[in-house]
Structure formats: structure tokens, C-alpha cells
Asks: 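Just passing along the structure, written as C-alpha cells.
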Amino acid sequence: MLWKGRRQSDNIEDDRSDSGGGGIGGGSPGQFRIPIGGRAGGGGSIFLVILVVLAGWYFGFDPSTILGGGDGGLLPGGGGQITDNSGGGQDSGAGTPANDEMKQFVATVLAETEDTWTGIFKSQGLTYEDPKLVLFSGQVRSACGFASAAAGPFYCPGDHKVYLDMTFFQQLDQQFGASGEFARAYVIAHEVGHHVQNLTGIMSKFNQMRQGMSEADANQMSVRIELQADCFAGVWAHYTAQKGILEQGDIESALNAAKQIGDDTLQKKTQGYVVPESFNHGTSQQRQTWLARGYKSGKLSDCNTLSGPI
Ligand SMILES: [Zn+2]
């Protein structure tokens, strides 16, 4: 990705020297209230369609047990917004020059997502509100609770922030076999995709809905939400490609990342077998398919993962 020299976002909060601090506020996962995006709830026809579909889909479910809420992280794991992937996540080299270049990269990708989503929202008569991206080292406290870097990057709907320990990128490369800058960009774009879901009210509906569901049903719904975030990442990549800043192999490296962090691939790798009922992010095939779909058309209407086959 030809990112150097491009605009860097001001919405980075660097908490790397502040392990586990922040004082943003406590609260356990699932207990936080999600502000419904009033300003984003109005005119957008595509968003409206998605919401209507989502509502229809909702009523098909039979609530039975109470589950925690919260947004999924990037990786499979628990049902909350913070997922446990039993990975590394050690604090290594925070603040080093190499990391500073990585920080610049993250700030540039974030800026690209801001520009793209601002444009898309505007075309729907809506206003995009930039998310913050918090760089942390080892552990962090968000409005969604306390998280360790081992859980992977995540988005907290309660404070509209993406949380990222950049050592995850090394893990992505070395442990998951997903190398390349654009694999990293995809990770960021996926989390920003959750922010878009938050602004458009999709996420709050999702959290309401899964309150009364069985774990299996909630997992299925989580997969749909995650695949939509992948598709939104693809939509972002579509517009980024139009700017002429993608290089050969970029899309392939994002697609490979989507493959490597698919539920089935990860479960095979970590436990040697798969448990489909526990999938909550989607299979490798599904993640690649939805990322590619968003990338191909750049249309949100092609990201309706909320009904029909996925
Ligand atoms: Zn996610």
C-alpha cells in the first residue's frame, strides 16, 4: 500500500506507556449502554434497508437464555466484545522507531477510513463521526471492560473506540501466517466496520437481540455481524483501490488474513478439530467471500449478511 506521505489521522490515542490505565470507566462486558446513532438513523436508504431486514430477521428468533452483549473482536473466542485467542500479546518494543513507523501506518489507514466513510455517509445524507483508535500495550481498560492484548484488536461501541496493540501485527504475521501491510489495514478496516455498524444502529439491535438467545443462536448472529464488518472492510478497500494506492498483492494479503483468522482454520490450528456451533466470526471461506464481495462492488447493499444464506 502506497501510504507514506498521505494524511494521518489525529484520532489516535497513544496509551502505550500507560499499561492498563486510562480510567475511561469500568463496567463489565454486556452491561454498557449503546447510544443509538440518532443522527445516522434517518435518511440513508441502504442503511434503512439493512435495519428493516435485521428487524425481520430478529423476530424469527426464539429467545431463551441470557447472554452477555458486546461487540466481537477481530478474533473468535468468547461471546463478549473482548475475545480470547490465547495468543502472545507481550509488550515488545513499544515506542521504538519501527513501532513509530507502524503508528504512522495505522494513523494513515485510519485517515483513509475516515475519508471513505465520510464520503459514503454523505452520499446517504448522513454524517460520519470519526472513531478514536487507542494504541495500547499489553492491557487496556475501555468502556467495555478490561482487555488484554491476547484478545486481539477490538471495537468498543460504548466509547466509539478501536483498541489495538500493534504487537498483534507480529502475531498476525508469525502465528497466523498473515503477512503484508494490507493484512494489517484489513484488521483496522474491520474494526472500523464495527464502528459503522454502531453508528447505523445495527450493533445496538444486535446486542438487544442476543440478550435472550441461546449461545448457539447468538453465535450465529455474531457470525453475521462479523461478516458484515469484513464486507465493510472490503467496501473500504474498494475505494482505496480507486485512489490508486494499492499495490500488487495487497488484496491477496487481506484475503489471506481473512482466511487465516477464520473460525475453522483457527480451531484446527489450536485444538485440532472444529466445533461449528461455537463459530462466532465465520469460516475462512465466509470471511474471504464477504471481504471480496465488499471489495468488488464497493456497495453497502452487497453487505447484507443479516438475512439469507451466508
Ligand atoms: Zn469483528
Side-chain angles (χ1 to χ4, degrees), residues 29-30 32 34 50 54 67-85 87 109-110 113 117 131 133-134 140 142-145 147 149-165 168-169 171-172 176 178 183-200 202-207 209-210 218-237 254-255 257-267 278-284 286-291 293-294 303 305-306 310:
F32 51 87
I34 298 129
I50 292 171
L54 185 65
L67 277 180
D71 157 47
L74 180 81
L75 297 165
Q81 84 292 353
I82 311 299
T83 59
D84 176 21
N85 106 74
V109 170
L110 186 62
T113 66
W117 285 109
L133 189 151
V134 179
V140 71
S142 77
C144 297
F154 65 96
Y155 172 74
C156 175
D159 56 22
H160 290 211
K161 293 179 182 182
V162 172
Y163 290 84
L164 171 68
D165 182 329
F168 176 75
F169 290 151
Q171 198 185 352
L172 195 62
F176 299 128
R184 299 170 178 191
Y186 154 63
V187 167
I188 298 165
H190 171 97
E191 299 306 335
V192 170
H194 285 310
H195 178 63
V196 170
Q197 291 174 319
N198 195 18
L199 292 181
T200 52
I202 292 169
M203 188 167 287
S204 61
K205 287 260 188 221
F206 163 63
N207 282 326
M209 282 189 255
R210 74 177 188 183
N219 282 342
Q220 278 182 24
M221 183 178 293
S222 171
V223 166
R224 290 177 181 273
I225 289 291
E226 293 298 334
L227 293 177
Q228 188 176 60
D230 282 338
C231 190
F232 286 172
V235 167
W236 169 76
L255 286 168
K259 178 182 173 189
Q260 300 302 338
I261 59 178
D263 287 321
D264 50 343
T265 300
L266 278 182
Q267 287 191 357
S278 70
F279 290 175
N280 53 20
H281 279 66
T283 63
S284 294
Q286 286 174 319
R287 298 198 75 160
Q288 286 185 298
T289 298
W290 285 96
L291 174 62
R293 190 173 296 190
C303 293
T305 59
L306 304 175
I310 48 172

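Read the numbers this way: they start at 1 and go in the same order the structure lists the ligands and their atoms. Nothing here was measured: the structure is a model prediction, and the numbers come from that model. For the numbers below, each heavy atom of this structure counts, side chains included, while hydrogens, waters and symmetry mates do not.
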Asks: Is the distance from the Zn ion (ligand 1) to the nearest N/O/S atom of Asp230 under 2.8 Å?
Replies: no
Asks: Looking at Arg287 and Lys259, would you say the former's side chain and the latter's main chain have a donor-acceptor pair under 3.5 Å?
Replies: no
Asks: Tell me, which N, O or S atom in Glu226 is closest to the Zn ion (ligand 1)?
Replies: OE1
Asks: Tell me, please, if His194 has any N/O/S atom, main chain or side chain, under 2.8 Å from the Zn ion (ligand 1)?
Replies: yes
Asks: Okay, side chain of Asp263, backbone of Gly282: is any donor-acceptor separation there less than 3.5 Å?
Replies: yes
Asks: Could you tell me the separation between the NE2 atom of His195 and the OG1 atom of Thr200, rounded to the nearest 0.5 Å?
Replies: 9.5 Å
Asks: With no hydrogens and no angle check, do the side chains of His194 and Glu226 hold a donor and an acceptor under 3.5 Å apart?
Replies: yes
